[in-house]
Q: 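Quick one: the structure is below, and I'll ask about it shortly.
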Amino acid sequence: MPPAELANKYTDQYFANMDALNVERADVYPRATEEIPKVIEIIQGLLAKGYAYESDGSVYFRVRSFPRYGKLSHRNLSEMIPKDANYEEKKEYPLDFALWKASKPGEPFWESPWGKGRPGWHIECSAMALKYLGDSIDIHGGGQDLVFPHHENEIAQSEGFTQETPFVRYWLHNGLMQLDKQKMSKSTGNLVSVKDALAHFSSDAIRLFVLGSNYRNPLTYSEQALEAGERGAERLRGALTPRANADERVALLDAGPFEQKFVEAMDDDFNTAQAIAVLFELAKEINRGAEQGANVAEAQHILLKLAGILGLTLKERAQPTPDIEAFISLLASTRDNLRQNEQWQLADRIRRELADLGVTLEDTPQGTRWKYSRR
RNA sequence: GGCGGCGUAGCCAAGAGGUUAAGGCAGGGGUCUGCAAAACCCCGAUACGGCGGUUCGAAUCCGCCCGCCGCCUCCA
């Protein structure tokens with residue numbers, strides 16, 4: 001399979017997964033392979049300023065020329081060199097890293113002022129960030145495992161080229177997903193793919209699981225934790241079911257204080273766990289208010305809005321065809337007639353067998369409701 | 001070994017010097033219901049990995065120890 005085709009395949013998979021998780025699309029999705037001119041421009045700039053040097057068709061960044069190198073990851077140069085290391089002899093200094101690598105015969109390559117080659121593994125991020133976001137950006141995300149050397153190198157390349165400091169105002173490094181006490185990674189093969197997770201749990205459940213802890217902390221994937229998220233999602237959905245017959249004499253539920261607490265939590269370094277707690281508190285108030293006859297429609301609207309900020313859809317999970325839903329409603333109303341005639345045995349049988357088929361009936365003062373059971 | 005981070009009820013997890021230590025899941029009791037389900041009410045850590053220390057006061061600060069995770073040239 002040609003490289004471009006392979007890249008497209010995984011790009012498509014990525015977007016399918018992100019869409020399923022209700023992740024909004026960014027404005028631009030640049031590709032490293034299409035940004036070679038900017039890469040070359042930056043390398044030339046770094047060469048001109050003395051931050052880089054050419055060696056045998058490759059170009060390396062001279063880390064000792066950049067005094068701030070190591071600041072982000074709290075390292076200093078001398079401590080970073082392992083004793084038993086076997087470094088490329090083409091470098092001036094062991095920790096210098098490649099900006100441009102000469103290609104070996106048979107490898108894919110691009111033409112450059114230094115001959116045929118490919119970008120180093122860090123430069124394309126600087127190139128795309130500087131091109132699309134500007135010389136100084138507010139927030140740069142990434143996993144904790146990228147702090148060194150990747151982000152450290154990005155800073156060195158970008159600030160060296162632009163002479164603008166800082167390249168990034170705030171670094172947001174998220175904790176890594178673990179499975180059985182180990183970092184999930186492709187290289188070790190211990191992973192649960194997004195697709196796998198979505199086969200068993202709703203995107204809302206996955207979001208409640210992930211956002212239930214601080215983004216900086218690692219989190220461990222477990223069926224139990226995801227199941228808890230699913231149940232929580234159902235609880236929030238339940239609070240959104242339409243309520244009728246509001247009592248005019250009961251004050252309508254004011255969700256304002258909840259909205260304010262939610263915003264405060266999010267303003268506090270994205271305290272999503274706290275924000276979710278507010279969602280559950282509001283859901284409880286809605287349920288309680290509705291029970292007492294308060295008009296909760298506006299509060300429900302706010303609950304849905306706040307949940308939406310966290311990317312929660314609060315939509316029912318399964319989407320069977322509408323035809324089936326009509327049959328279910330028919331069965332439910334027939335059962336209601338049986339209940340009116342106190343035909344409990346038959347009524348219970350319908351409820352039980354529907355339950356076996358994945359449909360739950362709920363008898364309420366407003367009539368019988370039904371919904372799809374969770375798996 | 002170095003650097004960074006984490007260890008809070010059965011499980012997940014917020015809180016970062018001083019109200020009763022959020023919230024969810026699971027569990028127990030109750031209300032409602034023909035019975036259920038859902039919802040609502042009540043209950044659950046004298047306790048925050050361990051040991052010292054600072055302080056009038058610590059889960060929150062300091063030190064040491066234990067356990068776990070990430071990174072420490074050539075995957076980004």
Side-chain angles (χ1 to χ4, degrees), chain A residues 32 60 63 70 72-76 78-88 91 93-98 101 120-125 142-154 173-178 181-183 185-187 205 208-214 216-239 241 243 261 265 268 271-292 339-340 342-345 347-348 351-352 355 360-365 368-371 373:
Chain A
Y60 295 93
V63 295
L72 179 71
S73 54
H74 305 94
R75 292 157 208 253
N76 62 64
S78 58
E79 284 173 356
M80 274 192 273
I81 306 173
K83 296 267 189 296
D84 55 348
N86 183 20
Y87 291 95
E88 282 184 62
K91 297 182 189 177
Y93 184 72
L95 293 175
D96 289 348
F97 57 91
K101 283 216 131 185
W121 290 122
H122 311 289
I123 189 68
E124 78 282 7
C125 287
Q144 285 176 343
D145 54 344
L146 298 183
V147 174
F148 187 88
H150 188 57
H151 292 155
E152 198 72 70
N153 292 352
E154 259 188 77
H173 287 114
N174 60 276
L176 303 173
M177 178 89 79
Q178 294 175 211
K181 290 289 181 191
Q182 260 195 335
K183 166 186 166 185
S185 76
K186 278 181 278 190
S187 50
L208 285 177
F209 163 62
V210 172
L211 298 175
S213 73
N214 186 277
R216 247 178 283 101
N217 295 154
L219 69 173
T220 304
Y221 185 95
S222 76
E223 297 276 327
Q224 195 183 9
L226 270 290
E227 183 58 32
E230 196 69 76
R231 300 298 300 273
E234 281 166 18
R235 183 172 167 74
L236 292 177
R237 285 174 200 135
T241 54
R243 311 302 172 104
K261 279 177 69 180
D268 180 18
N271 192 337
T272 50
Q274 188 66 53
I276 287 170
V278 174
L279 255 35
F280 280 106
E281 283 167 8
L282 177 54
K284 174 165 284 196
E285 276 309 303
I286 288 170
N287 289 331
R288 197 186 343 225
E291 223 166 61
Q292 291 164 356
R339 289 173 65 228
Q340 276 153 29
E342 304 198 346
Q343 305 257 8
W344 310 125
Q345 272 201 328
D348 288 351
R351 180 173 57 190
R352 191 172 57 245
T360 302
L361 295 184
E362 292 178 11
D363 299 329
T364 76
T368 300
R369 281 201 296 257
W370 66 266
K371 64 180 184 183
S373 329

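Sequence lines set the chain letters: A, B, ... in the order given, protein chains first and strands last, and positions in each chain run from 1. Just the heavy atoms: all of them, side chains too, but no hydrogens, waters or symmetry mates, feed the values below.
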Q: Counting distance alone, no hydrogens or angles: does the base of A38(B) have a donor or acceptor under 3.5 Å from a partner atom on the side chain of R369(A)?
A: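 No.
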Q: Any idea which of C40(B), A14(B), G70(B) is nearest the S213(A) side chain?
A: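 Shortest atom-to-atom distance from the side chain points to A14(B).
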Q: Does R352(A) get its side chain close enough to the base of C35(B), under 3.5 Å, for a donor-acceptor pair?
A: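 No such pair is found, so the answer is no.
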Q: Heavy atoms under 4.0 Å, any strand shown: does G212(A) hit a base, just sugar-phosphate, or nothing?
A: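 Since only primed, P, OP1 and OP2 atoms lie under 4.0 Å of G212(A), the category is sugar-phosphate.
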Q: Could you please name the option among A26(B), G34(B), G70(B) that lies closest to any side-chain atom of D348(A)?
A: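 The listed nucleotide nearest to D348(A)'s side chain is G34(B).
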Q: Nearest to the Q274(A) side chain among A14(B), G24(B), C3(B), which nucleotide is it?
A: A14(B)
Q: Give a yes or no on whether a donor-acceptor pair under 3.5 Å exists between the nucleobase atoms of C6(B), that is its base, and the side chain of R216(A).
A: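 Not at all, since no donor on one side and acceptor on the other fall under 3.5 Å apart.
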Q: By nearest nucleotide on RNA chain B, pick out whichever of N214(A) and E291(A) is the more 5' one.
A: N214(A)
Q: Reading RNA chain B from 5' onward, which residue's closest nucleotide shows up sooner: F280(A) or E285(A)?
A: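 The residue mapped nearer the 5' terminus is F280(A).
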Q: So which nucleotide from C35(B), A39(B), G15(B) ends up closest to the side chain of N271(A)?
A: G15(B)
Q: Quick one: label E342(A) by what it contacts on the DNA or RNA (base, sugar-phosphate, nothing), any heavy atom closer than 4.0 Å.
A: nothing
Q: Test for a donor-acceptor pair under 3.5 Å between the base of G34(B) and the side chain of R339(A), counting only N and O atoms.
A: yes
